[in-house]
Amino acid sequence: MEKQPSYKELLSETNHLRRVLDLERSKWLSLYDLLQDSRVKECNSIYEIHKFIEAQCATIKGEKEERAYIGITEIRSVDCEERTFQRINELQDFTDDQDKFKTIFDHAGDGILLGNLTGIIEKANPGFYSICGLEECEVINKHLRLFFSVDSLVERPLRFDLVDNGTPVIFERIMVGKNGEMIPVEMNTNRLGRNHFITIIRDLSVRKRVEQQLISVNDQLLLAKEKAEESDQLKTEFLTNMSHEIRTPMNGILGFAKMLNEPELSCDQQKLYTNIIVNSSNQLLKIIDDILEISKLETKQIQVFVKETNVNDLMMELQAFYKEKAHANNISFTVRNTLDDFQSIIYTDESKLRRILESLIDNALRYTYQGYVEIGYELKGNDLQFFVKDTGIGISQEYHEIIFDRFSQADKRLSRKYQGLGLGLSIAKKNVVLLGGEISVDSEFGQGATFCFTIPYRPCPAEKVKGLWAAKQKMNREKNMNQFNVMIVEDDRVSSLYFETLLKVKYPNVKVIHVKDGLEAVEYCQLYKDIDLVLMDLKMSRMNGFDATQKIKNLLPEVKVIIQTASASEEDRYLSKVCGGDDFISKPVKKELFYKMLKKYLVPVPITVEK
């Protein structure tokens with residue numbers, strides 16, 4: 001389309017239109033006068049004004065018709081010419097403003113509505129249709145209130161009374177879009193001219209979403225801050241408690257160790273002091289073990305090592321170990337098994353299962369001063385559910401969750417009365433999770449407590465179980481009572497003497513063979529085949545315990561090997577199983593645990609003659 005010329009361009013042409021003749025009044029009119037005509041004011045554009053003036057010029061008759069038509073008449077009045085140009089500039093600026101408004105109206109990202117002061121919408125821009133998703137027929141000639149929720153209008157009316165007075169009204173509202181979609185918007189309404197209003201609507205959906213995200217992030221940061229502060233408080237309490245727990249047994253160890261040097265001590269006093277030192281040392285060792293274990297669990301350095309585990313045997317071992325301690329405190333200790341010996345052989349990590357039960361039993365005995373402690377299990381679906389039940393002080397409902405957190409106790413004051421670092425239940429829970437189960441507590445304050453946990457029930461195949469039992473029975477038939485040959489593979493003379501002393505107490509007729517390293521142990525087994533049990537140290541010269549155990553097992557598959565070492569890492573335990581070790585015990589060796597192992601592998605059964 002050809003561009004329409006402006007009046008500034010028309011006046012700059014060679015033949016300037018300066019003056020025309022008004023035939024009705026027989027009067028020459030300047031261009032400025034012509035532009036003041038009411039008919040010019042009805043024109044909507046400069047182009048229409050241009051056409052009007054051309055029409056006026058075309059009607060002129062007379063002796064100067066041609067001159068007037070082409071507009072060649074000079075006006076010497078400078079004032080008239082300046083006023084003409086001023087009027088033309090005003091018209092041009094008005095047209096430019098109209099074009100600018102139309103551009104802004106059509107391309108604005110916000111919605112713009114134009115309407116009368118009764119609230120009827122007469123025009124809407126594309127931005128409004130984009131926000132609400134409606135069509136033009138659904139908007140034009142509709143009342144403004146139809147596009148806002150009732151609740152929004154009740155809370156904040158449209159207030160056209162204020163708009164009519166020229167007061168802007170700015171509110172956040174909920175606009176109803178297509179299909180009833182609720183859209184948060186900011187609505188800015190103002191008066192436009194004498195009888196109209198203009199409303200600018202801004203979509204706040206993204207801003208509201210960001211605000212909610214910021215609120216959520218702030219809530220999370222606040223929660224993290226509170227947890228961090230709580231964690232710092234727990235750590236402070238833990239360190240304070242740990243200092244107390246460590247210093248208490250150390251006081252007994254150092255104090256009574258010095259008193260043993262007194263020259264006038266009786267045998268009974270020496271025995272008493274020695275027992276105190278041993279008990280205090282065991283208490284200190286338990287604290288160190290807990291700290292090391294929780295550290296490994298927190299840093300995920302502990303792995304699960306699955307093997308065949310006889311749950312019934314494990315429960316009986318725990319009963320034998322804890323029964324004496326419970327009876328010393330006038331507490332009954334019982335075990336309830338529900339599977340036979342064949343069904344109770346499952347695949348799991350025996351050391352972790354034992355650790356869970358020990359933590360729960362220790363916790364039950366610590367907080368029970370009368371009544372009983374009962375442990376047991378039952379098969380529930382595809383899980384074995386273990387329980388430890390006591391008649392102790394119980395736990396209030398509000399503490400059921402936090403007692404499984406590290407460094408936590410239901411009542412901080414209890415640590416002074418009952419001792420403990422508050423790590424036992426946390427260790428138990430983390431080990432339960434490692435085994436693929438869950439742990440819970442059912443308790444009321446003063447009513448005792450029942451801790452339950454589950455592990456997957458994965459029974460060993462029947463053929464495997466029969467093989468294990470057959471090997472055990474064969475070994476028993478070939479043994480004569482108390483006639484055992486035990487090899488101690490140890491390069492430390494004191495440790496070797498300590499093991500021999502422990503053996504002689506329970507098995508007076510045992511034959512002990514001392515060797516100093518793994519190579520010497522292998523050479524002995526090559527010459528003699530009558531070894532029943534090997535106590536194998538790991539770190540030795542010439543050949544370490546792992547290699548020696550593997551070679552001995554290749555020579556004598558039925559010989560039992562107990563790995564004994566000062567290292568108690570899970571890696572050493574795992575490698576001990578890989579190389580063929582039957583059991584694992586860490587130094588310092590506890591006498592009770594050592595005797596329980598001997599009871600498993602040195603079974604005093606008389607020889608029976610088969611008919």
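In what follows, residues are counted from 1 in the order of the sequence shown.
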Has [X] got a side-chain atom pairing as donor or acceptor with [Y]'s backbone, closer than 3.5 angstrom?
{"X": "Asn485", "Y": "Val510", "answer": "no"}
{"X": "Thr274", "Y": "Gln270", "answer": "yes"}
{"X": "Asn279", "Y": "Asn275", "answer": "yes"}
{"X": "Thr391", "Y": "Tyr372", "answer": "yes"}
{"X": "Thr368", "Y": "Ala364", "answer": "yes"}
{"X": "Asn363", "Y": "Ser359", "answer": "no"}
{"X": "Asn310", "Y": "Asn312", "answer": "yes"}
{"X": "Asn544", "Y": "Phe546", "answer": "yes"}
{"X": "Lys352", "Y": "Gln303", "answer": "yes"}
{"X": "Asn251", "Y": "Arg247", "answer": "no"}

Checking side chain to side chain contact (heavy atoms under 4.5 Å, CB included) for the pair Lys511/Phe484: CA distance, chi angles, key distance, verdict? CA-CA 6 Å; Lys511 179 182 178 181; Phe484 300 106; over 6 Å; no
Taking C-beta and beyond as the side chain, do [X] and [Y] meet within less than 4.5 Å on heavy atoms?
{"X": "Phe386", "Y": "Leu357", "answer": "yes"}
{"X": "Gln269", "Y": "Glu262", "answer": "no"}
{"X": "Val522", "Y": "Leu555", "answer": "yes"}
{"X": "Lys307", "Y": "Tyr347", "answer": "no"}
{"X": "Tyr457", "Y": "Lys380", "answer": "no"}
{"X": "Phe453", "Y": "Ile356", "answer": "yes"}
{"X": "Arg336", "Y": "Glu374", "answer": "yes"}
{"X": "Ile563", "Y": "Leu575", "answer": "no"}

For residues Phe594 and Phe499, establish whether the separation of their ring centroids is below 6.0 Å. yes
Check [Y] with [X], please: is the shortest side-chain N to carboxylate O separation under 4.0 Å?
{"X": "Lys325", "Y": "Glu592", "result": "no"}
{"X": "Lys516", "Y": "Asp491", "result": "no"}
{"X": "Asp583", "Y": "Lys600", "result": "yes"}
{"X": "Asp313", "Y": "Lys596", "result": "no"}

Partner of Leu360 under side chain to side chain contact (heavy atoms under 4.5 Å, CB included), picked from Leu365, Val373, Val388, is Val388
Name the one of Thr454, Thr348, Val306 that satisfies side chain to side chain contact (heavy atoms under 4.5 Å, CB included) with Leu435? Thr348
For [X], look at atom [atom1] and say whether over 12 heavy atoms of other residues, nucleotides or ligands are found less than 6.0 Å away.
{"X": "Lys389", "atom1": "NZ", "answer": "no"}
{"X": "Tyr524", "atom1": "OH", "answer": "yes"}
{"X": "Asn382", "atom1": "CG", "answer": "no"}
{"X": "Gln526", "atom1": "CD", "answer": "yes"}
{"X": "Lys271", "atom1": "NZ", "answer": "no"}
{"X": "Lys587", "atom1": "NZ", "answer": "yes"}

Go through the steps for Leu314 and Leu353 under the test side chain to side chain contact (heavy atoms under 4.5 Å, CB included), then give the verdict. CA-CA 9 Å; Leu314 174 60; Leu353 178 57; 3.7 Å; yes
Does the ring of Tyr595 carry Lys506 above it, NZ/CZ under 6.0 angstrom from centre and within 45° of its axis? yes
Test item: side-chain donor near acceptor, [X] and [Y], under 3.5 Å:
{"X": "Asp362", "Y": "Tyr322", "result": "yes"}
{"X": "Thr450", "Y": "Asp442", "result": "no"}
{"X": "Arg355", "Y": "Ser351", "result": "no"}
{"X": "Asp383", "Y": "Tyr377", "result": "no"}

Take Asp582 and Leu533, measure what side chain to side chain contact (heavy atoms under 4.5 Å, CB included) needs, and give me the verdict at the end. CA-CA 10 Å; Asp582 295 283; Leu533 178 67; over 6 Å; no
Heavy-atom nearest pair, Gly518 first then Val489, reads N-CG1, 4.2 Å
Before you tell me yes or no, could you show the steps for Glu308 and Glu350 under side chain to side chain contact (heavy atoms under 4.5 Å, CB included), namely the whole-Å CA-CA distance, both residues' side-chain angles and the distance that decides it to 0.1 Å? CA-CA 8 Å; Glu308 300 90 356; Glu350 181 179 359; over 6 Å; no
Check the pair Glu317 / Arg354 against salt bridge (charged side-chain N to carboxylate O under 4.0 Å, His left out), numbers first and verdict last. CA-CA 10 Å; Glu317 290 173 14; Arg354 181 189 298 273; 2.9 Å; yes
